[in-house]
There are 2 protein chains.
Amino acid sequence: MVAPTTDETATLLRAVPVFSGLTEADLARVAEVAVPRYFEAGAVVFREGDDSDTCYIVRTGLARAIREHSDGRSITLSNFVPGELFGELAMFDNERRSATVDMLENTEVVAILGGDMRRLMGEHPEIAVKLISALAKRLRATNERLARQSFQTVQSRVAAVLGQLVLAARADGAGEGDVMITSTQADLAQLAGSSRESASRFLAVLERAGIITQGRGRLTVHDAHALERYVY
Amino acid sequence: MVAPTTDETATLLRAVPVFSGLTEADLARVAEVAVPRYFEAGAVVFREGDDSDTCYIVRTGLARAIREHSDGRSITLSNFVPGELFGELAMFDNERRSATVDMLENTEVVAILGGDMRRLMGEHPEIAVKLISALAKRLRATNERLARQSFQTVQSRVAAVLGQLVLAARADGAGEGDVMITSTQADLAQLAGSSRESASRFLAVLERAGIITQGRGRLTVHDAHALERYVY
DNA sequence: AACAAGCAGTGATGATCGTCACACTTGAGG
DNA sequence: CCTCAAGTGTGACGATCATCACTGCTTGTT
């Protein structure tokens, strides 16, 4: 891994929806205030309750936002793949960090200070509009999640999570056939808001039904369509 | 109830955070595209899955966003009091309505068409910034809610809901002493994501502890601080 | 090769909570 | 004033799930 040049950063930024409306020159200006940073797998970017307002864009790797409970349990709020932005909430409402973000893989990001971002938004209203779209999408997803957590059983939630992961993998270039997902059972359980054991039991059911094959730290979905039968 | 004049509408809009940065003249222009509408208690403004993109501002009364499950259960995502904006998500991501909004009381709103709102945002970037703040706040609240739904017991969630309602009432002018909340047990249960019966049982505990007094369709909180002891 | 650490499978158990059922109360409308 | 719908209180029951407590299986490290 090598620190990117400003040019490389600009190229990355072009792929980020929030900045997609900018001209080359404007993009270059954004790149100037964007600081490349690197985190090892497992590293914590910020913690719930911290008082910072930097936002981050994933370059490579995988980041994750979690909420932890005092008894040690935790749930995953969302994962962030390359091109996605996180940590922007604290920039607009002056509150502390509402979640902890850590890295699931070795991850390169670029960081943009809150002040810089706010200035950019003032100069380029189209950034604000894009940001609204991004927030609207997140809010929808979270409402969806909340409804699931309230109405559906663990089985159904695990199946739904698998379905989402398949969609994400497909959007990311995976083909129509089998889709490999690199998550442990514990990761899946956290996404589904359940315990590792419960998830494990249901995954065994799916495996016996021939819908998935499990491996250590990974899992292959053979029949994504069949998953829907378990979502109700 | 009388249809408001454009002038009255402008006065209302001034109190809405999203429009608070505008000049009198700009506010008047917004008021021109804002259509006053009236809904009876129980009326539905739009339903999950609808394909509309109008947004609404509450003038008087109380609106509520809910998600319904096929088996008849439902949860309340949020309530909207006078001055608050709802229905704006569909304006930015071209998706269908993600929730149903109905009226808990006879409610007056002003409606702004999606196209008008987008145009206004283009002309007045400060609206976009305010909107981002509003969305950020909602997203935070929803994440909070999701964490509660995952980690906490019904007791704890009901207590938390009561706490929130007390805060809202205080912010709305209620004094330091007893706070009256006009919700049925069923309403509270929905906010807490639980069944009416479970909520009822725990409210009885709170009543025996002297922390609240219940009445039909209303409830008085005597000791808001004591509620915290039940949130863990 | 031995070992530790992380991941996965699974039984037993008990707590929580939704559901059903029904009685009781209250208040608004005819 | 009577009715009826809406709101509330409570018991019984069962399903779901988290938790605990293991065992066994990989993988990579010393």
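Just so it is clear, the structure is predicted and the values come from calculations on it, not from any experiment. All chains are named by letter (A, B, ...) in the order of the sequence lines, taking the proteins before the strands, and each is independently numbered beginning at 1.
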Distance-only donor-acceptor test, R216(B) side-chain atoms vs dT8(D) base atoms, 3.5 Å: no
Rounded distance (Å) that lies between atom C1' of dT16(D) and atom CZ of F202(A): 14 Å
Gap between atoms CG and P, on L188(B) and dG7(D) respectively (whole Å): 12 Å
side-chain N/O R73(A) vs dT19(D) OP1/OP2, d < 4.0 Å: yes
Near-strand residues of residues 146-156 of chain B, defined as heavy-atom separation under 4.0 angstrom from DNA chain D: none
Interatomic distance, D102(B) atom CG to R47(B) atom CZ [nearest 0.5 angstrom]: 8.0 Å
Touch class at under 4.0 angstrom, heavy-atom based, for G72(B) against every strand present: nothing
Interatomic distance where OH belongs to Y230(B) and C1' belongs to dT16(C) [whole Å]: 18 Å
Selection from dG9(D), dG9(C), dA5(D) that lies nearest to any side-chain heavy atom of E207(B): dG9(D)
Distance-only donor-acceptor check, side chains Q190(B) and S74(B), under 3.5 Å: yes
Point-to-point distance, once rounded to the nearest 0.5 Å, from CZ of F92(B) to CG of L131(A): 11.5 Å
Distance in angstrom units between I181(A) CD1 and dC7(C) C1', rounded: 17 Å
Shortest side-chain distance from E197(B), nucleotide among dG9(C), dT10(C), dT10(D): dT10(D)
Check: Q185(A)/E197(A) side-chain N/O donor and acceptor closer than 3.5 Å: no
Length of the CD-P vector between Q185(A) and dA18(D), whole Å: 14 Å
Side-chain N or O of S195(A) closer than 4.0 Å to phosphate OP1/OP2 of dT19(D): no
S183(B) versus R218(B), side-chain donor and acceptor atoms under 3.5 Å: no
Short side-chain donor-acceptor distance under 3.5 Å, T153(B) and Y232(B): yes
Distance test, side-chain N/O of Q214(A) to OP1/OP2 of dA8(C), below 4.0 Å: no
Q190(B) CD to dG18(C) C1', straight-line distance once rounded to whole Å: 15 Å
Nearest-Å distance for atom pair CZ/P, residues R201(A) and dC7(C): 19 Å
Side-chain donor-acceptor pair present, S198(B), S195(B), cut-off under 3.5 Å: yes
Rounded distance in Å - NE2 (H69(A)) to C1' (dA18(D)): 13 Å
hbond_proxy R218(B) side chain to dT8(D) base (donor-acceptor, 3.5 Å cutoff): no
base_contact_polar (dT16(C) base, R157(B) side chain, donor-acceptor, <3.5 Å): no
Modelled atom types, side-chain donor and acceptor of T100(B) and E48(B), under 3.5 Å: no
Presence of S198(A) side-chain N/O under 4.0 Å of dA18(D) phosphate oxygens OP1/OP2: yes
